[in-house]
Amino acid sequence: MISNFFINRPVAANVIAFITIIFGLVAIYSLPVERYPNITPPTIQVTTSYPGANAEILADTVAAPLEQQINGVERMLYMSSTSSSTGAYSLTVTFEVGADLDQAQVLVQNRVALAEPLLPTEVRQQGITVKKQSTNILLVASLTSPDKTLDSLFLSNYASLRLRDELSRVEGVGEVSVSGSGAYAMRIWVDPLKLETRGLTFQDLLIQLRQQNVQVAAGQIGQPPMKDAPDFQLTMTSLGRLSEPEQFENIIVKNNRDGALTYLRDVARV
């Protein structure tokens, strides 16, 4: 018997045990052993926004098409979504423990692509983000100004520009979200009564803003082929996207038949 061999030869048994320990120490650094196995179901998060929509409109026009297409994806357990009054939509799809997150993300992305033609144009312009991440919060950090010289808007913008990208590159971090007063932006408050008086709608303002606040390529002067080629070839630059409130105020939103012009400042505050 094998047991009798090792009982009668203790020296050989010790040598074999010692060799086994050496092989184990050498191989322990290359063995595919997980220290902490996955015990929680993996999740995929789908986020988008519908500017100007409330929670009810968001649920009817965005949540319904997306959830109808994503429902029943392979190895999915359940899903939950939130629609806020600010126009933000978030959907969390939970999969079985051990499911491949990369494959799950591809499957969800394919279902989202099927639902995109059914979504409003504003939502498609904002884009739909599909990420693999845990819903648990790992860390909450707060920025403050001890001497009260910096307001919350400045701190929120500083976190977006200087901290979020650095933290997102840390291994294991799925997403970094910045909460606070928002970011610096050009905001326009429209007076509905002034719009109605001038025979305008909110959609008319959006059309004019998109047409007059664009970045265009103006072309070049002296670019071949030309009959008499000039000595210099110059690239033209033009005023592209507007950046000052006064520039937005001077946007023409209506040209009347009598030649009178209606500017954005006449119906809104910038």
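Model, not experiment: these values are computed from the prediction.
Distance check, rounded to the nearest 0.5 Å: OG1 of Thr121 to CZ of Arg124 gives 4.5 Å. Interatomic distance, Ser160 OG to Asp165 CG, rounded to the nearest 0.5 Å: 9.0 Å. To the nearest 0.5 Å, atom CD of residue Gln247 and atom CD of residue Glu249 are 10.5 Å apart. Annotation: the span from Gln212 atom CD to Ile252 atom CD1 amounts to 6.0 Å, rounded to 0.5 Å. Rounding to the nearest 0.5 Å places CG of Leu153 at 15.5 Å from OH of Tyr158. For the atom pair Glu56 CD and Thr61 OG1, the distance stands at 10.5 Å (nearest 0.5 Å).
Counting non-hydrogen atoms of neighbouring residues, nucleotides and ligands closer than 6.0 angstrom, the OH atom of Tyr184 exceeds 12 such neighbours. More than 12 heavy atoms of other residues, nucleotides or ligands shown are found within 6.0 angstrom of CG on Leu234. In the displayed structure, Gln220 atom CD is contacted under 6.0 Å by more than 12 heavy atoms of other residues, nucleotides or ligands.
A donor-acceptor pair under 3.5 Å links the side-chain atoms of Asn110 to the main chain of Val106, judged by distance alone. In this structure a side-chain-to-backbone donor-acceptor pair under 3.5 Å is present from Asn8 to Asn4. Not a single donor-acceptor pair under 3.5 Å links the side chain of Lys254 to the backbone N or O of Tyr263.
Under the 4.5 Å side-chain heavy-atom criterion for ILVMFWY residues, a single connected hydrophobic cluster contains both Val108 and Leu101. The hydrophobic clustering, which links ILVMFWY residues whose side-chain heavy atoms are closer than 4.5 Å, places Leu161 and Leu163 apart. Under the 4.5 Å side-chain heavy-atom criterion for grouping Ile, Leu, Val, Met, Phe, Trp and Tyr, Val73 is not connected to Leu114 through any hydrophobic cluster. In terms of hydrophobic clustering, with Ile, Leu, Val, Met, Phe, Trp and Tyr side chains grouped at heavy-atom distances under 4.5 Å, Leu195 and Leu206 are assigned to a common cluster. Residues Ile251 and Ile207 fall into different hydrophobic clusters, defined by Ile, Leu, Val, Met, Phe, Trp and Tyr side chains chained together at heavy-atom separations under 4.5 Å.
Proximity of Asn256 to Leu261: side-chain heavy atoms (C-beta onward) are nowhere separated by under 4.5 Å. Within the 4.5 Å cutoff, no side-chain heavy atoms of Asp100 are placed close to those of Phe95. You'll find the side chain of Val93 reaches within 4.5 Å of the side chain of Ile70, heavy atoms only. The side-chain heavy atoms of Ile128 and Leu119, taken from C-beta on, include a pair separated by under 4.5 Å. Looking only at side-chain heavy atoms (C-beta outward), Ile221 and Gln233 stay at 4.5 Å or farther from each other. A heavy-atom distance below 4.5 Å is not found between the side chains of Asn250 and Leu264. Between Pro120 and Tyr50 there is a side-chain heavy-atom pair separated by less than 4.5 Å. Residues Ile21 and Leu25 meet the side-chain proximity criterion, which asks for heavy atoms closer than 4.5 Å.
Only one option out of Val62, Asp60, Asn54 pairs with Leu58 in a side-chain contact (heavy atoms from CB on, under 4.5 Å); it is Val62. Paired with Pro245 under the rule side-chain contact (heavy atoms from CB on, under 4.5 Å), one option of Met186, Arg265, Arg269 passes, and it is Met186.
By the side-chain contact (heavy atoms from CB on, under 4.5 Å) test, Ala185 is found to be paired with Arg187, residues two or more places apart in sequence or in another chain being considered. Listed by chain and residue number, Val178 satisfy the side-chain contact (heavy atoms from CB on, under 4.5 Å) test with Ser156 (two or more places apart in sequence, or in another chain). Under the rule for a salt bridge (charged side-chain N to carboxylate O under 4.0 Å, His left out), the partners of Glu166 that lie at least two apart in sequence or sit in another chain are Arg169.
One side chain, Thr201 or Asp204, offers a donor N or O that lies under 3.5 Å from an acceptor on the other. Neither side chain, Gln126 nor Thr48, offers a donor N or O lying under 3.5 Å from an acceptor on the other.
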Margin query: What verdict does the side-chain contact (heavy atoms from CB on, under 4.5 Å) test give for Val214 and Arg210, after you've listed the backbone C-alpha separation in whole Å, the side-chain angles of each residue and the deciding distance to 0.1 Å?
Written below: CA-CA 7 Å; Val214 293; Arg210 290 167 181 167; 5.6 Å; no
Next item on the list: Please lay out, stage by stage, how Gln105 and Val130 fare under the test side-chain contact (heavy atoms from CB on, under 4.5 Å).
Entry: CA-CA 7 Å; Gln105 183 181 10; Val130 180; 4.1 Å; yes
Next item on the list: Please test Ser81 against Tyr89 for side-chain contact (heavy atoms from CB on, under 4.5 Å), starting from the C-alpha separation and ending with a verdict.
Entry: CA-CA 7 Å; Ser81 64; Tyr89 172 76; 3.7 Å; yes
Next item on the list: Would you sort out whether Thr92 and Ile44 count as a side-chain contact (heavy atoms from CB on, under 4.5 Å), showing the intermediate values?
Entry: CA-CA 6 Å; Thr92 302; Ile44 299 293; over 6 Å; no
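Of all non-hydrogen atoms in Thr86 and Ser84, the two that sit nearest each other are OG1-OG, 2.9 Å. Closest approach of Ala115 to Pro65, counting heavy atoms only: CB-O, 3.6 Å.
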